[in-house]
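Remarks on the structure that follows.
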Amino acid sequence: MKIIEVLSYEEMSTKAANFIIQQINQDPSSVLGLATGETTLGLYKKLVQDHYLNNTSYQNIRTLNLDEYVGLAENDPQSYRTYMNNQLFNHVDLPIQQTHLPDGMAKNLVEECLRYDELIYNIGGADIQLLGIGQNGHIGFNEPGTSFQSNTHVVELMDSTRKANARYFSSINDVPTHAITMGIQSIFNSKKILLLASGHKKANAIERLLNGKVNEDLPVSILKNHEDITLIADREALSLTKKNDGIYSTY
Ligand code: GLP
């Protein structure tokens with residue numbers, strides 16, 4: 001795992017944006033695996049700025065998002081589709097039909113999971129998968145205990161995850177109880193992984209990732225076995241991890 005320590009959220013966002021832009025420049029038909037949440041907001045802002053300043057084109061890009069809440073319509077202000085449209089898709093030259101998220105309003109959720117897996121398979125998986133990390137070490141909405149072999153599935157969100165995400169809703173009761181998430185196997189199959197972490201709230205999960213074993217109790221830990229993973233983390237997120245002469249002790 002390559003680890004890039006940065007000073008701030010701002011620096012993390014700049015470095016992550018450069019990483020994605022480099023991917024697009026190398027292969028303008030890349031498949032980008034995208035994530036939502038507070039962690040990626042700054043990065044999307046920088047991608048939009050870069051699109052205006054440098055004309056980086058998304059014409060041939062296809063995107064696969066990690067997850068979506070069950071029961072929120074596409075145009076619900078809190079849906080991940082709305083987040084993606086507002087933060088990125090509406091501001092770059094990416095044809096909307098080339099963007100994909102699971103459909104949290106599908107009548108048959110089991111069929112929807114199969115459809116999403118087929119789509120991932122037909123597209124050939126992500127060339128680069130962007131990831132945030134939950135405070136409990138989840139990736140996408142793969143909560144602790146999820147099989148590393150999992151495909152797209154419906155999850156019941158843990159109370160701690162609903163609480164962590166309640167800040168976007170008027171009350172915790174409005175936070176959906178379920179979500180559809182890409183499985184850990186599909187995430188792992190991405191050619192490259194870019195994992196981002198910022199702030200004290202993520203320090204415990206990052207410490208467990210870097211110092212602990214690969215274990216289904218910590219979904220993100222499987223990424224230690226990935227051959228092309230970069231973690232960009234700020235000092236706060238790395239604050240519980242011991243460092244030796246600039247090299248983290250455990251990798
Ligand atoms: C959420 C999302 C994840 C996200 C993570 C961290 O629940 N499902 O995709 O990476 O938790 O969120 P945030 O960036 O807001 O801390």
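One-based numbering, in listed order, for ligands and for the atoms of each. Here the structure is a predicted model, which is why all the values come from computation and not from measurement.
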- Message: Between Glu112 and Arg115, does any side-chain N to carboxylate O distance fall below 4.0 Å?
- Response: yes

- Taking the side chain as C-beta and beyond, is there a heavy-atom pair between Asn86 and Tyr44 under 4.5 Å? no

- Task: Return the residue, atom name and 0.1 Å-rounded distance of the protein heavy atom closest to atom 4 (C) of ligand 1.
- Result: Thr36 O, 3.6 Å

- Message: Under a 4.0 angstrom heavy-atom cut-off, which atoms of ligand 1 come close to Gly132?
- Response: 10 (O)

- Query: Going by heavy atoms, is Arg162 under 4.0 Å from ligand 1?
  - Reply: no

- Atoms of ligand 1 close to Tyr80 [distance to a heavy atom under 4.0 angstrom, numbered from 1]: 2 (C), 8 (N)

- What about Tyr69 and Phe141, are their ring centers closer than 6.0 Å? yes

- Task: Would you check the N or O atoms of Asn165, main chain and side chain alike, for any that come under 3.5 Å of an N or O of ligand 1?
- Result: yes

- Message: Under 4.0 Å, counting heavy atoms only: does Tyr168 come that close to any atom of ligand 1?
- Response: yes

- Item | 4.0 Å heavy-atom contact, Gly140 with ligand 1 | yes

- Task: Report, in ascending order of atom number, the atoms of ligand 1 lying under 4.0 Å from any heavy atom of Phe141.
- Result: 7 (O), 8 (N)

- Region of Met158 engaging ligand 1 - heavy atom pairs below 4.0 Å: neither

- Separation between OG1 of Thr63 and CG of Leu34, rounded to the nearest 0.5 Å: 5.0 Å

- Task: Please examine the side chains of Ser150 and Phe188, heavy atoms only from C-beta on, and report whether any two atoms are closer than 4.5 Å.
- Result: no

- Pick out which of Leu131, Leu231, Ile232 makes a side chain to side chain contact (heavy atoms under 4.5 Å, CB included) with Leu196. Ile232

- Query: Considering only the protein, which heavy-atom contact is closest to atom 14 (O) of ligand 1, and what is its distance?
  - Reply: Thr39 OG1, 2.5 Å

- Message: Between Thr40 and Tyr83, is there a side-chain heavy-atom distance shorter than 4.5 Å?
- Response: yes

- Is it true that Lys45 and Glu10 have a side-chain N and a carboxylate O under 4.0 angstrom from each other? no

- Query: Does Lys202 have a non-hydrogen atom less than 4.0 Å from ligand 1?
  - Reply: yes

- Item | Close approach, Ile139 and ligand 1, non-hydrogen under 4.0 angstrom | no

- Message: Measuring from non-hydrogen atoms of His138 to any atom of ligand 1, is the shortest distance under 4.0 Å?
- Response: yes

- Message: Determine whether Arg208 and Asn204 satisfy the following criterion, side chain to side chain donor-acceptor pair (under 3.5 Å), listing intermediate values before the conclusion.
- Response: CA-CA 6 Å; Arg208 290 174 65 205; Asn204 185 256; 4.5 Å; no

- Closest protein heavy atom (residue, atom, distance) for atom 6 (C) of ligand 1: Ile133 O, 3.5 Å

- Query: Are any of the N or O atoms of Asp67 closer than 3.5 Å to those of ligand 1?
  - Reply: yes

- Message: Would you say Asp50 and Thr56 are linked by a side-chain donor-acceptor pair, where the criterion is simply a distance under 3.5 Å?
- Response: yes

